[in-house]
*Asks:* 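Supplied in structure tokens, the structure appears directly below.
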Amino acid sequence: MLPLLIGITLISFAVIHLTPGDPTQLMTSMNPNASSEVSERLIKLYHLDKPIHIQYWEWLKNIAVLDFGESFALDGQSVMEKIKHRIPYTIYLNIMSMILIFIIALPLGILNAYYKDSFFDKTSTVFVFIGFAVPTFWLALLCMYFFGIKLGWLPISGLMSYNFENMTLLGKIGDIAKHSVLPVGVSVFGSLAGISRYARNSMLDVLNNDYVLAAKARGLPEKTVIFKHALKNALLPIITIIGLSIPGLIGGSVIFESIFSIPGMGQLFYQSVMMRDYPVVMGILVIGAVLTLLGNLIADILYAIVDPRIRYGKK
Amino acid sequence: MTPKNYFILILIIATITVIGCTDKNGESENANKNVTENKSIPKQTSNSNTDDSQQDKPFGDIIFEGSIGDASNLIPILSTDSVSHQIASHIYNGLLKYDKNLKLTGDLAKSWELSNDKKSITFHLKKGVKWHDGKIFNADDVKFTYETIIDDSTPTAYDSDFRIIDNITIIDDYTIRVNYQKPFAPALNSWTMSILPKHLLENVKITESSLQRNPIGTGSYEFVKWNPGESITLKANKSYFDGRPNIAKYVLKIIPDSTTMFMELLKGNLDFMSLTPLQYSKQTNTPKFKDNFEKYTYLSNSYSYIGYNLRNELFKDKRVRQALTYATPKEKIIESVLFGEGHVATGPYKPDSFWYNPDVKRYEYNLEKAKELLTEAGWEDSDNNGYLDKNGREFSFTLMTNQGNSNRAKIAEIVQENWKKLGIKVKIRIMEWATLINEYIDKRNFDALVMGWSIPLEPDLYDVWHSSKCSGKNLNFICYENDELDKIIEKARLTFDQDKRRKLYYKAQEILAEDQPYTFLYVPNALVALHKRFKGVEPAPAGLMYNFEDWYVPENLRKYSLTQ
């Protein structure tokens, strides 16, 4: 896993450094006030004058002791500080949405498989695909206008009210809950299709298996067949999905976060790339890479735990 | 669980979601209605000649302004973004400032004088000015600010105007003399730079100073808190040397999407924001909006232009550039891109500024004249393929602009269409900003560009128009070289007398209008919406915020009461 990680960082490092432009650009380009030496001085200050492989080596040495360095942005904060400030928003929203997606989409998919080709199956399929196809930003704006202004039920943007700090604990929870409804709702609606289709197909696969036929032949009640024998096996692939969604927890969508003005990871990453803020970009990429590898590992281990066939297969 | 139970579960979840929406009563605990009686505090003015009517203006209320971006660093010499400077302008003062008509006037300096050889400026500082932490401001702070800016370890983009200073002498605590190597008229403008507190920055590296996030200045507002990506809060400085401001708190809310911001405005969570031309002209005419908000418009400090690479053979002939300008429907561009909210630009100054010359050559849209000029310059369609050619070369080029600015893309399309009527083939290329700058502009590797400049308050044209700025990564990237203009620009830099200086810039504008190195397009209007409860707002050439300290909310209209 370690060589893989180093490989990922090497490629990311090379790509981000090869893109045209450098971090001093934002300050000095098209700015008549900046004297011509400013750019050179800044490049020295950020050690960008050294050859790229030496820069990478320096960076790697720091990463080895978990030092992500300091942002090149004008605020001079450390990368960790920046990420630490942003990550709670993103993780909170992603976990909320993921829980809801699983709670809604899994049963929906299984019911779809059970009532295959029924009216229910068809309408819910259309419903989830509408969610999949509708552009999030458009739906978000419509919901904001409808629920926020027309009906006035919900706050429009942000995750907290301005006077959040002066609220009681209960008030705070209520405030966040109210602010979460729209962003979580919209992202859940957009993501139902994936999981519910997945669940539906994997259930259908299982239902066609011989052991299901055998169970039916043994005269077991339909419910036992479906929910005891079939469901267990149908849920196996879901573990892979859970594993793969772990890195997704820290990734945010720029458009989504901008529209709901949530200061999350998506905005941070986008701004860092636009500003060529190499340390922040690399910091986020490393965390993402680690989580991806970790997610795969966890999925593999879980698989082995819940599915005896895999364990035996290795022996 | 049976399928039926699952169904019920889904229903329950759905209901919870809906119930979450219907909690309308939560509104009452929302925002700032911590009702406490608030008596307006009698205004203490350190300045005796403030007019008496100001004494009656009540103190209180909060203003919420919306901003697309967050600030980056609240030590203004370290930041280059407009939001940081906007916040810093409330917190810090310079020695000088621009008044409502964009004339320089004293801020921390009560007066200043030039020596006879024009090489040194003596500033007399105001007495009794205090930093927000209570320390007294004096000449040491000014000298310290200068030394910090020119320090090589300070990553600032504002050093060039300070590096030409020979030395600074402190004459006494409240008198300071700045000696320049040679007379330099734009120098005065550089003293609008925020003065930093020496006692807090003296022995720290400026890039590690806590003032970057917790600034302390002399300004009319004091810093309270900054939630990155969410909001920045300031409160009135009650002992401000120019009289305390009337609005108790100022909050800048960061909302990256302008549509969302507009909805927050409609909902009443914001009081003040810039509108897009579309919002200004089409979405703000509802009675509800008009009942609550006032719209203001004034000329913004920027212009858009099409710049021609004068190293390119195509554009070397002035008649060709004139023809292109004649074939550019400026009015139509303003109409379709800005919904009419802009002024035709004829040169690098704002039409309402002191420096603007209204009598330069104008190019009304005229295709016939454009064609004539091109024929004169030798461009004809000799092979009848619909496009002009000369000496076997077809008149075709690429018009570039940066990504993320839809106005510029629209302009490119409009001129492409119009220039096609002259028989000119234009390709449009839209590129990411850094790529455009690095690979094309800095390498002088482009034909023509749609770009914009901000118009600085200091009228010096040196950086963009002097021929010495053509090389390297300098800003005269179109490489306009004109000896006459060079001399005028150099002379204007030595001319302190405003009227004489204006005459020089009048001439400069005539030259630029005749030569058309740029096709100057428009100066857009700044469009803002402000809640009606704010009084004392007077748009001027300087915009709206120049007299923010004098804005007030009558007590009966107050929306927010403060608990303290």
Side-chain angles (χ1 to χ4, degrees), chain A residues 19-21 25-36 38-39 41-42 45 73-76 85-86 100 103-104 107-108 110-111 114 141 144-145 147-149 152-154 156-158 160-163 166-167 171 174-175 177-178 181 185 223 227 257-261 263 267 274 276, chain B residues 1-3 6-7 9-10 13 17 20-24 26-27 29-32 34 72-73 78-81 84 152 155-161 163 207-208 212-213 228-231 251 253-257 259-260 263-264 266-267 269 434-435 437-439 456 463-464 472-475:
Chain A
T19 34
Q25 197 118 48
L26 193 80
M27 267 186 109
T28 56
S29 71
M30 298 289 141
N31 179 358
N33 287 317
S35 65
S36 47
V38 175
S39 172
R41 232 174 326 118
L42 287 174
L45 205 68
L74 305 162
D75 54 13
H85 187 86
R86 304 277 186 151
L100 277 180
I103 290 181
I104 299 172
L108 193 68
I110 287 159
L111 290 182
Y114 185 65
L141 287 174
M144 282 155 87
Y145 185 72
F147 293 107
I149 295 177
W153 290 349
L154 291 172
I156 293 167
S157 68
M160 291 165 232
S161 297
Y162 174 70
N163 61 341
N166 307 325
M167 290 178 175
D175 191 52
K178 259 197 295 172
V181 174
K223 276 177 197 166
F227 292 101
E257 286 180 1
S258 297
I259 284 204
F260 285 107
S261 71
Q267 280 197 54
M274 292 323 273
R276 307 287 188 267
Chain B
M1 232 187 244
T2 61
Y6 261 113
F7 234 152
L9 187 68
I10 294 166
I13 291 162
T17 325
C21 308
T22 46
D23 184 15
K24 193 183 179 182
E27 201 69 7
E29 69 181 22
N30 197 6
N32 320 303
N34 313 330
S72 62
N73 190 319
L78 299 182
S79 59
T80 46
D81 57 303
S84 299
D152 275 343
T156 179
Y158 300 97
D159 58 335
S160 62
D161 281 353
R163 286 186 186 269
T207 47
E208 285 161 15
Q212 295 177 102
R213 309 198 70 76
E230 288 174 65
S231 67
V251 180
K253 278 191 148 190
I254 294 118
I255 300 172
D257 184 84
T259 315
T260 308
M263 286 200 254
E264 289 284 13
L266 294 180
K267 190 157 184 186
N269 290 336
T435 314
I437 302 275
N438 271 287
E439 302 301 316
D463 289 303
V464 178
K473 291 184 177 181
N474 286 307
L475 299 182

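Protein chains get the first letters and strands the later ones, always in sequence-line order, with residue 1 at the start of each.
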*Asks:* Please flag which part of B/Gln212 lies under 4.5 Å from any non-hydrogen atom of chain A: side chain, backbone, both or neither.
*Replies:* side chain
*Asks:* Under the side chain to side chain contact (heavy atoms under 4.5 Å, CB included) rule, collect the residues that match up with B/Ser72, sequence neighbours excluded.
*Replies:* A/Leu74, B/Ser79, B/Asp81, B/Ser84
*Asks:* For B/Ala434 and A/Arg276, work out which heavy atoms get closest and say how close.
*Replies:* CB-NH2, 3.3 Å
*Asks:* Hey, could you give me the CD/CD1 distance between B/Glu264 and A/Ile156, rounded to the nearest 0.5 Å?
*Replies:* 4.5 Å
*Asks:* How far does NZ of B/Lys253 sit from OG of A/Ser157, to the nearest 0.5 angstrom?
*Replies:* 6.5 Å
*Asks:* Name the member of B/Leu266, B/Thr207, B/Ile255, B/Thr259 that forms the most heavy-atom pairs with chain A at distances under 4.5 Å.
*Replies:* B/Ile255
*Asks:* Of the backbone (N, CA, C, O) and the side chain (C-beta and beyond), which part of B/Thr435 lies under 4.5 Å from a heavy atom of chain A, both, or neither?
*Replies:* both
*Asks:* Might you work through the side-chain contact (heavy atoms from CB on, under 4.5 Å) test for A/Leu141 and B/Thr260, ending with a clear yes or no?
*Replies:* CA-CA 7 Å; A/Leu141 287 174; B/Thr260 308; 4.3 Å; yes
*Asks:* Just to verify, what does A/Ser258 make a side-chain hydrogen bond (donor to acceptor under 3.5 Å, both in side chains) with, not counting sequence neighbours?
*Replies:* none
*Asks:* Checking A/Ile259 against chain B: side chain, backbone, both or neither under 4.5 Å from a heavy atom?
*Replies:* both
*Asks:* Between B/Glu230 and A/Pro263 (side chain of the first, backbone of the second, donor and acceptor by atom type, cut-off under 3.5 Å), is there such a pair?
*Replies:* no
*Asks:* Could you give the distance from CG (B/Asp257) to CD (A/Glu257), rounded to the nearest 0.5 Å?
*Replies:* 13.0 Å
